[in-house]
Amino acid sequence: MSKTADIRLPDPSRWKALAFIALAQLMVVLDATIVNIALPHAQTALGITDANKQWVITAYALAFGGLLLFGGRIADLWGRKRTFVVGLIGFALASALGGAAQNQGMLFGSRALQGVFGALLAPAALSLLAVMFTDAKERAKAFGIYGAIAGGGGAVGLILGGFLTQALNWRWTFFVNIPFAVIAAAGAYFVIREPVGSRNRSPLDIPGVVLSALGLVSLVYGFTRAESSGWSDPLTIGMFVASGVLLLSFVLTEAKVASPLLPLRVVMDRNRGGVYLSLGLAIIAMFGLFLFLTYYLQVVKGYSPIRTGFAFLPMIAGMITGSTQIGARLMTRVPARKLMGPGFLTAAVGMLLLTQLEIDSSYAALILPAQLLLGLGMGTAFMPAMSLATHGVEPRDSGVASAMVNTSQQVGGAIGTALLNTIAASAATAYATSHAALGATDPQLLKLQSMVHGFTGAIWWAVGILVVASAIAVTFINAGRPSTAPAGSGSGSGDADGVEDEFRVPVVAH
């Protein structure tokens, strides 16, 4: 990119565009949890077996996780606006297919299609923000809103999923995506003006597409299968081995080809690498928590699906506050690591409170303050993480850099669900076996005690993971606070002697 590039005037419609981008992001994040609430009802209605019910979740996860890098590259190649609109329309059609499903095959297919179009939509949305908001203060506000939605939308999905399932039926958890998608697509078509000269028109790296897709699919499926079939299952082990070979081959290929799918310069920068790694670890902890708290509130406390969703509201409030009132306000004043490191530690303290869960724990005295701390910490850390992940990236690479953020979250979610659930199940089994041998007389009480013991054991691991995420953020990320005006692109890395420099917002050349 030319150092003499013009400084573009801000797009007058950028804030309207943000509203439609945020709406699309909310739809994608909602869909990740809204279907979980409806799954038991869909299973009964369509006669899906227990062995096959996981494919409602897995089909989406495999397609979405496996194609994210491809989706990011397509956004750079086709143009982010076009990719965004196509992704929305496709997601709406796939949702309509899911809502109208007459058998399990139709439902699984619709979920896979949702994953395909979600893999186009998600990186296009984030990269549009990266190229439309170039002023540091405005960028902080925009990413604060985006980060709050990315962090808290999942919990909103629990509320909406419970309401739709109880008040209407499970099919509406699919149909509800259609108005979201139509409004966002129409708004994006008429409002979004993508900066000129920001596409990457290099030929598509087909070997990279194949290797990355197969490698990520193998990795996500390996963790998904580990949850249901165990870590020693031959196919589970085979998936991990295949994933390692494929992803290593992908890296070697990307280092050699002229126009790589994932330019290694995107991930080798210590700031972006630190964001991808720390964010992925934090998501591991958070996904496990959503699972455990949902089961604790519904099975142990006897909450209804709607009441369970509302019980997550303090976490949503914390995330919105952390993103918009703490992260966005301080991002232009302090380096990102001084928000991310303490943010992850604050979340770890909230998680630490939840290690004290018992069958009769008070929601107001324990779960509510823990959720507030988790939300505040994660919201504060998410906002600079989302912004820094695309800072210093040339506009032609913003799509694939955005895809890496989504990939770290998707893979982190798969790992978190499988790893922490396995730890919880093992701890619960050990507790039940030892206490049955001691002569426990109430089988139902022992079952609940074992479940809670398993949850708290796994939550201790989540605490440790968040502490590691904080340490990585503080150690790897050395970018200073963003400059207060658009400037030429820079890597955002500190210089060789460790002195922080300001990370710059890329300016699109005419």
Side-chain angles (χ1 to χ4, degrees), residues 1-3 5 63-87 116-132 194-219 243-273 275-276 389-408 410-411 488-493 504-510:
M1 180 167 42
S2 171
K3 293 182 179 180
F64 187 68
L67 294 174
L68 271 169
L69 285 178
F70 175 65
R73 179 65 182 89
I74 288 295
D76 289 334
L77 180 64
W78 281 1
R80 294 157 194 84
K81 175 179 175 178
R82 181 185 300 176
T83 305
F84 184 70
V85 172
V86 169
V116 170
F117 288 106
L120 289 177
L121 175 59
L126 184 55
S127 59
L128 276 170
L129 289 189
V131 298
M132 292 183 71
E194 186 176 353
V196 297
S198 61
R199 293 191 192 179
N200 183 348
R201 300 182 185 276
S202 302
L204 190 61
D205 171 23
I206 300 299
V209 170
V210 173
L211 289 170
S212 67
L214 292 178
L216 288 171
V217 164
S218 299
L219 183 63
S243 174
V245 172
L246 288 164
L247 292 178
L248 178 59
S249 300
F250 170 68
V251 172
L252 295 175
T253 299
E254 299 307 275
K256 294 179 181 178
V257 298
S259 303
L261 174 70
L262 175 61
L264 296 185
R265 61 180 176 270
V266 172
V267 292
M268 294 305 291
D269 175 87
R270 64 181 294 167
N271 290 294
R272 288 189 291 273
V275 167
Y276 300 147
T390 53
H391 253 300
V393 178
E394 296 181 25
R396 64 194 178 99
D397 292 334
S398 64
V400 75
S402 302
M404 276 301 300
V405 180
N406 288 283
T407 300
S408 67
Q410 183 66 23
V411 173
S489 71
S491 69
S493 300
R504 303 290 188 174
V505 182
V507 177
V508 179
H510 291 291

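Remember, predicted model here, so these are calculated numbers, not experimental data. When reading the values below, keep in mind they use all heavy atoms of this one structure, side chains included, and skip hydrogens, waters and symmetry mates.
The side chain to side chain contact (heavy atoms under 4.5 Å, CB included) test applied to T83 returns I74, A75, W78, L120, A124, not counting sequence neighbours. Residues forming a side chain to side chain contact (heavy atoms under 4.5 Å, CB included) with S249 (at least two apart in sequence, or on another chain): L211, V245. Applying the side chain to side chain contact (heavy atoms under 4.5 Å, CB included) rule to A119 yields the partners F64, L67, L68; only residues at least two apart in sequence or on another chain are considered. Under the side chain to side chain contact (heavy atoms under 4.5 Å, CB included) criterion, V210 pairs with I206, L214, not counting sequence neighbours.
Contact detail for L247 and S212: the closest heavy-atom pair is CD2-O, 4.4 Å. Residues S408 and Y276 approach most closely at CB-O, 3.4 Å, considering heavy atoms. Of all non-hydrogen atoms in G215 and S243, the two that sit nearest each other are O-OG, 3.1 Å.
Looking only at side-chain heavy atoms (C-beta outward), P207 and V257 stay at 4.5 Å or farther from each other. Between V251 and E254 there is no side-chain heavy-atom pair separated by less than 4.5 Å.
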side-chain contact (heavy atoms from CB on, under 4.5 Å) between M404 and V267, intermediate numbers included
CA-CA 8 Å; M404 276 301 300; V267 292; 3.9 Å; yes
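Going from atom CG of D76 over to atom CG of L261 covers 9.5 Å, rounded to the nearest 0.5 Å.
Looking only at distances, a side-chain donor or acceptor of R272 sits under 3.5 Å from a matching main-chain atom of V266.
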